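The chains referred to below are lettered A, B, ... by the order of the sequence lines, with proteins before strands, and numbering in each begins at 1. If you're wondering where the values come from, they're calculated on a predicted model, not measured in any experiment.
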Protein chains: 2
Amino acid sequence: MKRDTRLSGVLHALLHMAEHDRAPMTSDMLAHCMSTNPAVVRRTMAGLREAGIVTSVKGHGGGWSLARDLSQVTLRDVYAALGMTTVFCIGHRNGKPECLLEQVANEAMDDALARAESMLVGRLNEITVASLSVTFHQRAALLTKERSSHAV
Amino acid sequence: MKRDTRLSGVLHALLHMAEHDRAPMTSDMLAHCMSTNPAVVRRTMAGLREAGIVTSVKGHGGGWSLARDLSQVTLRDVYAALGMTTVFCIGHRNGKPECLLEQVANEAMDDALARAESMLVGRLNEITVASLSVTFHQRAALLTKERSSHAV
DNA sequence: GTTTCATGTAACAAACAATGATACGAGAAA
DNA sequence: TTTCTCGTATCATTGTTTGTTACATGAAAC
């Protein structure tokens, strides 16, 4: 199953932008972070721009910048901005089955999937991108500390 | 996103088998139910056979039969029998990222996805295939009643 | 004003996974 | 021996995501 890796990608990009101190980052820079190419970055980030999470500026000195404080942006916001239609690899063989048996089976699956999806979205809504940034800084500090203690 | 429709398919098949009163159903019959071809049925049902949910018999008069009472088979059992590796369309861009920022982003996603998956599996575990069969019979009876009242 | 840098977008190619399709071997009943 | 059926391998088809290229547009620098 081919998975949609856009959420992973844009989160990574947002965190890099947060480290980049307000200066715009070009699609090319972000593409290097995400090991892809600039067109993919533009395509993927377009949704975030429309959602008001980032802004983009053309021309010399242009690029991508954060439009909002990341403490006001949850993973759910990012997820929604990508306009993802499906969360699950699991689907129906037949959207509108005539067979009553198939209908019953599909409804049971739908119910279970809908519950899980709402759990997922609820959880994503609890996590701000800023909190990921905090985690990153904590971990980075820890690594530095470890290294210096080894050095001693 | 191309979805895996096997769970939908085999649930449908199991319900048909339950209606078929212990006589084996051939791959061809099941293929017609699922509007696919026999080879797909064999391939898909193979997991259920290995899990002891169904049996298959070769040769004249052979076919597929239920190996267990469906009140002892949950949707989770069926799901597990299919050997599905992923539930979500959402994945990582990079499985083992060097970048600490990417690691943090991926971990947050993994955590949320793992919670949702465990909810899903938990819910599937609450539903027996037999209960779907019951729902079917209730609904079928209701339809018959409606039709006769319309006739009057 | 021209050049350079950057996004916006379209169009197409490549990669990949699920499903469909065909074929043939093996086993069991008629 | 024939017929029926599963078991399985192989290849084609389909659909989606990602990668790639190309070019128009807009903005700053010179």
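Residue A/M34 contributes atom CE, which lies 16 Å from atom P of D/dT17 at whole-angstrom precision. Regarding A/I90, its CD1 atom lies at a distance of 12 Å from the P atom of C/dA18, rounded to whole Å. Protein atom CE of B/M84 is 13 Å distant from nucleotide atom C1' of C/dA17, rounded to whole Å. The NE2-P distance, from B/H92 to D/dT18, rounds to 14 Å in whole Å. B/R49 places its CZ atom 17 Å from the P atom of D/dT5, with the value rounded to the nearest Å.
With a 4.5 Å cut-off between side-chain heavy atoms of Ile, Leu, Val, Met, Phe, Trp and Tyr, the cluster of A/M119 takes in B/M119.
Contacts of A/R43 with the nucleic acid, taken as non-hydrogen atoms under 4.0 Å apart, include base atoms.
Note on A/S56: every side-chain N or O is 4.0 Å or more away from OP1 and OP2 of C/dT7. When the side-chain nitrogen and oxygen atoms of B/S27 are compared with OP1 and OP2 of D/dC6, one or more of them lie within a distance under 4.0 Å. Contact check, B/T26 against D/dC4: no side-chain N or O comes under 4.0 Å of OP1 or OP2. B/N37 has no side-chain polar atom (N or O) that falls below the 4.0 Å cut-off from OP1 or OP2 of C/dG20.
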Validation: residues 54-62 of chain A side-chain donor-acceptor distances under 3.5 Å, sequence neighbours left out:
unit_1 : atom_1 : unit_2 : atom_2 : d
A/S56  : OG     : A/R49  : NH1    : 3.4

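Considering B/N125, B/V129, B/I127, B/V121 in turn, B/N125 is the only one that fulfils the side-chain contact (heavy atoms from CB on, under 4.5 Å) rule with B/T74.
One N or O on the side chain of A/T135 and one on the backbone of A/S131 form a donor-acceptor pair closer than 3.5 Å.
Sorted by first and then second residue, the ring-ring contact (aromatic ring centres under 6.0 Å, His included) pairs involving residues 8-27 of chain A (not counting sequence neighbours) are A/H12-A/H16. For residues 126-139 of chain B, every residue pair satisfying the salt bridge (Lys or Arg N to Asp or Glu O under 4.0 Å) rule, not counting sequence neighbours, is listed here: A/E107-B/R139, B/R123-B/E126.
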Would B/T26 and B/D28 count as a side chain to side chain donor-acceptor pair (under 3.5 Å) if you check the C-alpha gap in whole Å, the side-chain angles of each, and the deciding distance to 0.1 Å?
CA-CA 5 Å; B/T26 65; B/D28 207 60; 5.4 Å; no
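Of the N and O atoms on the side chains of B/S35 and A/N94, not one donor lies less than 3.5 Å from an acceptor on the other residue. In the model, B/W64 has a side-chain atom that pairs as donor or acceptor with a side-chain atom of B/S27 under 3.5 Å.
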Just by protein heavy atoms under 4.0 Å, how would nucleotides 24-30 of chain C read 5' to 3' in B, S and -?
---BBS-
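Of all the residues in residues 8-16 of chain A, not one reaches under 4.0 Å from DNA chain D with any non-hydrogen atom.
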